[in-house]
Structures are given as C-alpha cells and as structure tokens.
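Scope of the values below: all heavy atoms of this structure, side chains included, with no hydrogens, waters or symmetry mates. We count ligands from 1, going down the list as the structure has it; atoms in each ligand are counted the same way.
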Amino acid sequence: MTEKPRLLQIGEVTGRMAARLESRFAVVRLPAGPERAAFLAAAGAGIVAVVTDGHLGVPPEVMAALPDLKVIASCGVGYDAIDAAAAAARGILVAHTPDVLNDEVADTAILLWLAVSRRLIPADRWVRSGDWERTGAFPLTRSVRGRTAGILGMGRIGQTIARRAEAFGARILYHSRGPKDVPHGFVADPVALARASDVLFCIVPGGAATRHLVDAAVIDALGPEGILINVARGAVVDEAALVAALAAGRLGGAGLDVFEAEPRVPDALRRMDNVVLTPHVGSATVETRTAMGDLVCDNLERFLADGTVLTPVPECRHLVPG
Ligand code: NAP
Ligand code: 8YV
C-alpha cells in the first residue's frame, strides 16, 4: 500500500471535511503555542498540502517551513491572510471558495441594513425590558425603501447585494477600481459614492490595497443620516474614524460583521445603540459552510487527480492550464 500524501490542517474543520480529508491524506494538525516551531522543524518536510480558513490563513513562517508544499486549500473566498503572490512564486497553488457563499453574505449585509434602519436590537430590548408596557409605543424608525445604495466592490458578492437591494426599491451606484458590466452607475471616487448614497455596503477584498479605503472623508460624506455596512474585512474601514463619527452624530448608523482586531471590538462600539454588531458570521450557516467545506475537499481531490485545483485565486491562475 502506498503512503498517503501528508496534509497540514490549520484550525478546525467540520466532521464531514475531516472524514474526506483523512480518507485521502495523512492529516497532521498545526499546534498552537511554543511547540509550533519544533513541530515544523521536525515535520515540515514532506507536507504537500495545507487546509486553512480565511481568518487563520497561512502565516509566513509556516509557509517557509514547508519546503515540499504544493497546494493550499482555504475555506473562505477572502485570502488576505495568505501571501498568494509568494505562494505562486514557489509554484504553490492556492485555492479558495468563491461563489458558494455569495447569497449568504449578501443576506447578512441586507440583514444588517434592515436591523440598523428599523432599530431591531433596541426594539427587541424595548419588549424584553418592559418598556413597551411602561412607556408605550417604540419611537418611529427610518424606512429602507427607495434609498440609494452604494456598493464598494461590485464583485461576486457586491452584485448579489445589489440584486437584493433593488428588491427594496434601491437605486444602485458602485465603486471598484474599474467599471463592471452591470446596469448600475459607476462612481470613480469612494467619497463621491458615499456622498450620493444613503447606505454604503463595503464588500471589497482585504489587504494593503484596501486598508482604510473607508476613511474619515468617506464616512463624513455618508453623513448623519447615512448607514455604513461592512461585511468585507475590518481593516477596510478606519475603525477609530468610524467610532468618532458615530459618537459625534456625523454618521447615522453602522452594521458591522468584521472588525480591525477580531475578536476584539472597541468598547465604544459595544455601547452604541445605532450600531448592529455580528461576530464575522457572513457565511456562517450550516448549509453554506457545508458547501464551502465541500469545495475545499473538491479542490484537494482535483489536486490529487491532476495537479490542478477547481477554484484557484487569481494570483495562481497561470499555474492551472486551460
Ligand atoms: P470579488 O468577486 O473579487 O469582488 C471584489 C470587488 O472589489 C471587485 O468588484 C473588485 O473590482 C473590487 N476591488 C478590489 N480591489 C479594490 C480596490 N483596491 N479598490 C476598490 N475596489 C476594489 O470578491 P467577492 O467574492 O465578492 O468577495 C469580496 C470580499 O468579501 C472577500 O475578499 C472577503 O474579504 C469578504 N468576505 C467576507 C465575508 C464575511 O464573512 N463577512 C464572507 C465572504 C467574503 P476591481 O478589481 O475592478 O477593483
Ligand atoms: C469566513 C470569510 O468567515 O469567505 C470569507 O472571506 O470571511 C468567511 O466566509 C472565513 O473564511 C472563515 O472560514
């Protein structure tokens, strides 16, 4: 019997993924803490595959300790925690999980928008606390109908958000580095997009190029009635500027699924009534995480079959013929 190829698992996987991975690979888990370096020195050579996710990625010192690495399969579409250019330069294929999570993440974005506009969390608290009986009707909120929705990042998920926002009667405008083949108005400057928008959905990739793309100027352009929804990466928004604008009433509200230093969230945000906070759960349903896990395993199966993957990240596409 030939030996199974060795795979390094970073973080947790579902039982369904574990069964599939273990049927094809000899799986070793990356330890956390001080024993990690010794483990990599002893066991790094011979590992050909890595499984990870969008939060943990592959730390540079781990990638450097794996001289025989050929493929990284990440459970998530965003891969800013993996140096894909460095991997590609070594001929290592990086695969991610695009498309299978578009609907879930777009639903999360709309959920946050509705919850902020209609003040879902304070309204829920009004009932539970007895304020309804004691004080009477909950104050009127703002409608989401007929608004202008700005989409920062008109990619797979951005387009899915746009379709949902249109169902609420929204006019759609967007910004990306270049115009897309979509029936919506392109705005070349994020500040101008924010100025024209009632709600700004942030759904660009993370990384150096988009760090603080939503800065104080964009936030101020959105204005005291405006709502910011961030389901992209925490660092895309200047969190200190966001907190300052919310505290001063220069921004109307925010729905945030991602934060600059997850899982730490500024105390100021936790105390605000006009924000809704979720713990990076954009894709976190049983159904979508199952689909993502299946795609991770399908990518690795394809790698074993012919040395390619189904869904390479753009930096590695040239490594996949055809
Ligand atoms: P995608 O299809 O690649 O779309 C990204 C969009 O952003 C494209 O329209 C791209 O257009 C634009 N963009 C890229 N760099 C930009 C820049 N520097 N300035 C302005 N626009 C830029 O990606 P996707 O599948 O929609 O996913 C987007 C991101 O959502 C992921 O990378 C991930 O970080 C995040 N996400 C979060 C969750 C969650 O749980 N909260 C779940 C899934 C994904 P151009 O190339 O023309 O600029
Ligand atoms: C996941 C994500 O939370 O796909 C992404 O980019 O941020 C989320 O779907 C993450 O990848 C962990 O699995």
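Taking any N or O of S176, backbone or side chain, at least one lies under 3.5 Å from an N or O belonging to ligand 1. Of the N or O atoms in H55, one or more lie within a sub-3.5 Å distance of an N or O in ligand 2. For the pair L213 and ligand 1, the shortest N or O to N or O distance does not fall below 3.5 Å. Considering backbone and side-chain N/O of M292, none are found under 3.5 Å from N/O of ligand 2.
Taking each of G76, A81, P205, G78 in turn, the one with a heavy atom nearest to atom 7 (O) of ligand 1 proves to be P205. One option in H175, M292, R177 has a heavy atom closer to atom 16 (C) of ligand 1 than any other, and that option is R177. For atom 34 (O) of ligand 1, the candidate residues are R156, E104, R233, Q159; the nearest heavy-atom contact is made by R233.
If you number the atoms of ligand 1 from 1 as listed, the ones under 4.0 Å from a heavy atom of S283 come out as 40 (O). Residue M154 approaches ligand 1 through these ligand atoms, each under 4.0 Å from one of its heavy atoms: 9 (O). Interface atoms of ligand 1 facing A209, defined by a heavy-atom separation under 4.0 Å, are 18 (N). Atoms of ligand 1 found under 4.0 Å from any heavy atom of I157, numbered from 1 in the order shown, are 24 (P), 25 (O), 26 (O), 27 (O), 43 (C), 44 (C). For ligand 1 and K180, the ligand atoms under 4.0 Å from any heavy atom of the residue are 9 (O), 11 (O), 45 (P), 46 (O), 47 (O). Near G178, meaning under 4.0 Å from one of its heavy atoms, ligand 1 places the atoms 47 (O). Proximity to H280 (heavy-atom distance under 4.0 Å) selects the following atoms of ligand 1: 39 (C), 40 (O), 41 (N). When each atom of ligand 1 is checked for a heavy atom of A232 under 4.0 Å away, the hits are 34 (O), 35 (C), 37 (C).
Nearest approach of P321 to T308, heavy atoms of both residues: CD-CG2, 4.0 Å. When all heavy atoms are compared, the tightest approach of H212 to V237 is CD2-O, 3.7 Å.
Taken to the nearest 0.5 Å, the NE2 atom of H184 stands 10.5 Å off from the CG atom of D181. The CG atom of N299 sits 11.0 Å away from the CG atom of L304 when rounded to the nearest 0.5 Å. Between the OG1 atom of T14 and the CG atom of D294 there is a distance of 8.0 Å, given to the nearest 0.5 Å.
Annotation: atom 2 (C) of ligand 2 to nearest protein heavy atom, H280 NE2, 3.7 Å. The nearest protein atom to atom 44 (C) of ligand 1, hydrogens excluded, is given as V77 CG1, 3.3 Å; this is a heavy-atom distance. The protein heavy-atom contact nearest to atom 4 (O) of ligand 2 is V77 N, 2.8 Å. Scanning the protein heavy atoms around atom 42 (C) of ligand 1, the nearest turns out to be V105 CG2, 3.4 Å. With respect to atom 12 (C) of ligand 1, the closest heavy atom belonging to the protein is G153 CA, 4.0 Å. Ranking protein heavy atoms by distance to atom 38 (C) of ligand 1, first place goes to V231 O, 3.6 Å. Ranking the protein heavy atoms by distance from atom 9 (O) of ligand 2 puts S283 OG, 2.7 Å first. With hydrogens left out, the protein atom closest to atom 18 (N) of ligand 1 is T210 CG2, 3.5 Å, a heavy atom. Protein heavy atom at the shortest distance from atom 13 (O) of ligand 2 is C75 O, 2.9 Å. Here the protein heavy atom with the shortest distance to atom 4 (O) of ligand 1 is G155 CA, 3.2 Å. I203 O, 3.5 Å is the protein heavy atom nearest to atom 28 (C) of ligand 1.
Counting only N and O atoms by type, the side chains of R142 and S117 include no donor and acceptor under 3.5 Å apart. A donor atom on one side chain and an acceptor atom on the other are not found under 3.5 Å apart for T160 and D103.
In this structure, R289 counts as a contact residue of ligand 2, since one of its heavy atoms falls inside 4.0 Å of the ligand.
Ring geometry for H280 against H55 counts as perpendicular: the plane angle is over 60°, on a 0 to 90° scale with 30° as the lower cut.
Residue contacts with ligand 2, taken as heavy atom pairs separated by less than 4.0 Å, involve L101 solely via side-chain atoms from C-beta onward. Contacts between V204 and ligand 1, counted as non-hydrogen atom pairs separated by less than 4.0 Å, involve both the backbone and the side chain.
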Pair D68-R6, salt bridge (Lys or Arg N to Asp or Glu O under 4.0 Å): steps then yes or no: CA-CA 10 Å; D68 301 313; R6 296 180 64 217; over 6 Å; no
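Remark: of the listed residues I151, L213, N230, N230 is the sole one forming a side-chain contact (heavy atoms from CB on, under 4.5 Å) with C202.
The neighbour count for R118 CZ, taken as heavy atoms of other residues, nucleotides or ligands under 6.0 Å away, does not exceed 12.
Placement of F25 and L40 in two distinct hydrophobic clusters is found when ILVMFWY residues are connected by side-chain heavy-atom separations under 4.5 Å, directly or transitively. L222 and W113 fall into different hydrophobic clusters, where Ile, Leu, Val, Met, Phe, Trp and Tyr side chains are chained together by heavy-atom contacts under 4.5 Å.
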